[in-house]
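Please read the structure below before turning to the comments.
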Amino acid sequence: QVQLVESGGGLVQAGGSLRLSCVVSGRTFSNYAMGWFRQAPGKERDIVAAISRTGVNRYYTDPVKGRFTIARDNAKNTVTLEMNSLKPEDTAVYYCAADLRTNPLGVTTSPAYDYWGQGTQVTVSS
């Protein structure tokens, strides 16, 4: 049984920062490409950032480039999302996800992930 547990969400003012963490248990973490998604009310779940198994390759959606950083620590089974210069439009539930099928250097930008966390709310006030 694979479990993903997110933490670090909360309420922050525009311009502030938050750091999301996702701890993965149940299988070998370094076998997964990882991703962060977000879903705002009434909208689809969209990719925010993704990272390959070893962390060599990373992807960011355009609205967060230069503000967000995805990283992973395979020794701690953890993937993080550092979010700076937050904007009200970043408000959403953020989910981490694990993909077993992507090749070792690949990142997955579609929602076709194998496992998902329960989500953590991020609210940015103006």
Side-chain angles (χ1 to χ4, degrees):
Q1 185 76 10
V2 178
Q3 288 189 318
L4 289 74
V5 180
E6 301 103 332
S7 61
L11 173 64
V12 64
Q13 289 188 333
S17 299
L18 283 173
R19 185 173 185 265
L20 305 183
S21 293
C22 174
V23 179
V24 180
S25 61
R27 295 183 71 168
T28 304
F29 180 65
S30 58
N31 287 343
Y32 304 124
M34 298 297 297
W36 285 98
F37 287 75
R38 65 186 179 187
Q39 188 168 21
K43 296 188 176 181
E44 294 184 350
R45 189 174 297 187
D46 293 326
I47 183 75
V48 176
I51 190 167
S52 59
R53 294 184 189 180
T54 61
V56 169
N57 292 317
R58 307 180 191 196
Y59 165 86
Y60 298 96
T61 190
D62 285 346
V64 310
K65 284 181 180 177
R67 300 189 296 123
F68 290 11
T69 302
I70 188 171
R72 66 188 296 159
D73 184 338
N74 286 351
K76 296 182 178 179
N77 291 2
T78 300
V79 60
T80 58
L81 186 68
E82 190 77 35
M83 306 186 294
N84 298 314
S85 302
L86 282 161
K87 304 176 181 180
E89 51 264 43
D90 294 319
T91 296
V93 178
Y94 283 70
Y95 299 88
C96 72
D99 177 13
L100 272 174
R101 294 166 286 170
T102 300
N103 66 73
L105 296 178
V107 293
T108 304
T109 59
S110 75
Y113 278 70
D114 298 291
Y115 304 102
W116 292 84
Q118 81 288 351
T120 185
Q121 176 70 46
V122 171
T123 303
V124 184
S125 63
S126 57

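Along the sequence shown, residues carry numbers from 1.
- Between Y32 and Y115, the angle of the ring planes goes over 60°, which puts this pair in the perpendicular group of the 30/60° scheme.
- Expressed to the nearest 0.5 Å, how far OH of Y94 lies from SG of C22 amounts to 15.0 Å.
- A donor-acceptor distance shorter than 3.5 angstrom exists from the side chain of E6 to the backbone of Q118, with no hydrogens or angles considered.
- Here the straight-line distance linking atom CZ of F29 with atom OG1 of T78 works out to 6.5 Å at 0.5 Å rounding.
- The backbone N or O of R53 lies less than 3.5 Å from a partner atom in the side chain of R72, making a donor-acceptor pair.
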T61 vs D46, test: side chain to side chain contact (heavy atoms under 4.5 Å, CB included). Steps then yes/no. CA-CA 9 Å; T61 190; D46 293 326; over 6 Å; no
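- From L11, atom CG reaches atom OG1 of T123 across 6.0 Å, with rounding to the nearest 0.5 Å.
- By the rule that hydrophobic residues join a cluster once side-chain heavy atoms approach within less than 4.5 Å of another member, V23 and I70 end up as members of separate clusters.
- Note that CG of L105 and OG1 of T54 are 6.0 Å apart. Values are rounded to the nearest 0.5 Å.
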Are V107 and T102 close enough, and set up right, to give a side chain to side chain contact (heavy atoms under 4.5 Å, CB included), and what steps lead you there? CA-CA 7 Å; V107 293; T102 300; 6.0 Å; no
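- Y95 and V24 are not part of a single hydrophobic cluster, where members link through side-chain heavy atoms under 4.5 Å apart.
- Here the CZ-OH distance, from R67 to Y60, works out to 12.5 Å after rounding to the nearest 0.5 Å.
- Of the candidates T69, N57, V56, V79, I51 forms a side-chain contact (heavy atoms from CB on, under 4.5 Å) with just one, namely V79.
- Here I47 contributes atom CD1 and W36 contributes atom CH2; the two are 11.5 Å apart, rounded to the nearest 0.5 Å.
- Residues N84 and S17 share a closest heavy-atom pair of OD1-OG, 2.8 Å.
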Pair K65-D62, salt bridge (charged side-chain N to carboxylate O under 4.0 Å, His left out): steps then yes or no: CA-CA 5 Å; K65 284 181 180 177; D62 285 346; 2.9 Å; yes
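- Using modelled atom types, one side-chain atom of D114 and one backbone atom of L100 make a donor-acceptor pair closer than 3.5 Å.
- In plain terms, the two heavy atoms of P88 and A14 that are nearest each other are CD-CB, 4.1 Å.
- Residues Q121 and T91 form a side-chain contact, since some pair of their non-hydrogen atoms from C-beta on lies under 4.5 Å apart.
- Although no hydrogens or angles enter the test, the distance criterion places no donor-acceptor pair under 3.5 Å between the side chain of Y113 and the main chain of C96.
- At a cut-off of 3.5 Å, with distance as the only test, no side-chain donor of T80 or E82 sits close to an acceptor on the other residue.
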Show your working on side chain to side chain contact (heavy atoms under 4.5 Å, CB included) between M83 and V122 and close with a plain yes or no. CA-CA 10 Å; M83 306 186 294; V122 171; 3.9 Å; yes
Go through the steps to decide whether S85 and K87 satisfy the test side chain to side chain contact (heavy atoms under 4.5 Å, CB included), and finish with yes or no. CA-CA 7 Å; S85 302; K87 304 176 181 180; 5.9 Å; no
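- If you chain together hydrophobic residues whose side chains sit under 4.5 Å apart, V5 and M34 never meet in one group.
- When ring centroids are compared, W116 and F37 come within the 6.0 Å threshold.
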